[in-house]
Amino acid sequence: MIRIATLLVIVACLTVIGCQPPEGMAGPTKEEFDALKMQVEELQTNVADMQAAMDSFIEQYNMHIEKHHKGGATVTKPTTPSGGVKPPTQK
Amino acid sequence: MKKLIGITLAVSALLILVGCEGEGDGLVAPDVTYTVTDDGATLALEWNAVDGADGYYIYADGILIDSTTGLFYDATVPAGFYGVAAYAGDEESATDEVDCTPVETASITVYGNSDPAPDHPSGIGFTAAGACVTLALSEQTNWPDIDFYFDDANFAQLTIVSPGDHVPPYNDEENATAASGTDYDALEIAAGMGNYITQRTLAENAVLSFWIDPDGDGWGDANDHFGKMKIVSITGAAAPYTAVIDCAYQPIAGLRWVVTQ
């Protein structure tokens, strides 16, 4: 009886040990997720800062052109790309 | 008794003959057909000879404008309806009319293509019946039906562009517009050949003639259609712009008449 009980305990222990995932296969940990999230947020902030800097630069450039170079060509803010357009046809 | 029956029959026969007099003898309306000539400026009317007719009256929008003894008439003044009636002395037949009125669609809202939202369509197309419908460029199934699209992504200002000019093209059509003043109803005939371009910057209150040329091979095809467009409003200080337009589309292939009053 004791032998059977011992065997059952051993089987249970082996099952628990056998079900453990191999090292490195358990997926990212919560800490790793948090770090990744922070990196993404940092990138988003950088893109927004760059966009704002670009808008500011364009505005300042256009102001400068209008003030000091009458009739000079100003630039427009870039818009969402949608493919191109070929030259028009007169008919 | 026999005499009475005979008199009754004779009177009945006389009444029937008198009652039927005129039926089938009056002038019937001519059957009018047409062809479009003169680069879409003229509607050449033709009709069959009507028995007993002295000549034919020509009506434009219900007003008698001319008469002829011939079987054809070149209508060069744009109108909504042209009609022909046969006449003999004071008698006149019913009028057979050709409907030249354009199909009007008012208050169409379109969005510059820098706004990619599917519920903000940037394309328009004309149905077989001539109604103008908006079409989202993001739906590739719409591309074959696009007659024009509104571009503020490749241009600083809102620009109407032929679908064949886009890279890659939405379809192969070479449709174009021509500047035609600012009075929508005053424009009764779309601009002539040589005044059209496949890309045009839009301005508020501008009136444009448009030419749907699916084959891109000039005037004369059965699938060439003309019309006019009013740019009612353009909103937005910069892209994305929104525009409201009115359109009138001439269903008769090749005809440039666009009378809307």
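Each chain gets a letter, A, B and so on, in the order its sequence line appears, and its residues count up from 1.
The number of heavy atoms from other shown groups lying within 6.0 Å of OH (B:Tyr34) does not exceed 12. More than 12 heavy atoms of other residues, nucleotides or ligands shown are found within 6.0 angstrom of CZ on B:Phe81. A 6.0 Å sphere centred on CG of B:Asp74 holds more than 12 heavy atoms belonging to other residues, nucleotides or ligands.
When each of B:Val167, B:Asp151, B:Thr159 is tested with A:Val85 by the rule side chain to side chain contact (heavy atoms under 4.5 Å, CB included), just one qualifies, namely B:Asp151.
Taking CD of B:Glu174 as the reference point, atom NZ of A:Lys91 lies at 4.0 Å (rounded to 0.5 Å). Here B:Gln199 contributes atom CD and A:Gln90 contributes atom CD; the two are 11.0 Å apart, rounded to the nearest 0.5 Å.
Interface remark: B:Trp211 contributes side-chain atoms only to the contact with chain A (heavy atom separation under 4.5 Å).
Judged purely by atom type and a 3.5 angstrom limit, B:Thr198 uses its side chain to pair as donor or acceptor with the backbone of A:Thr89.
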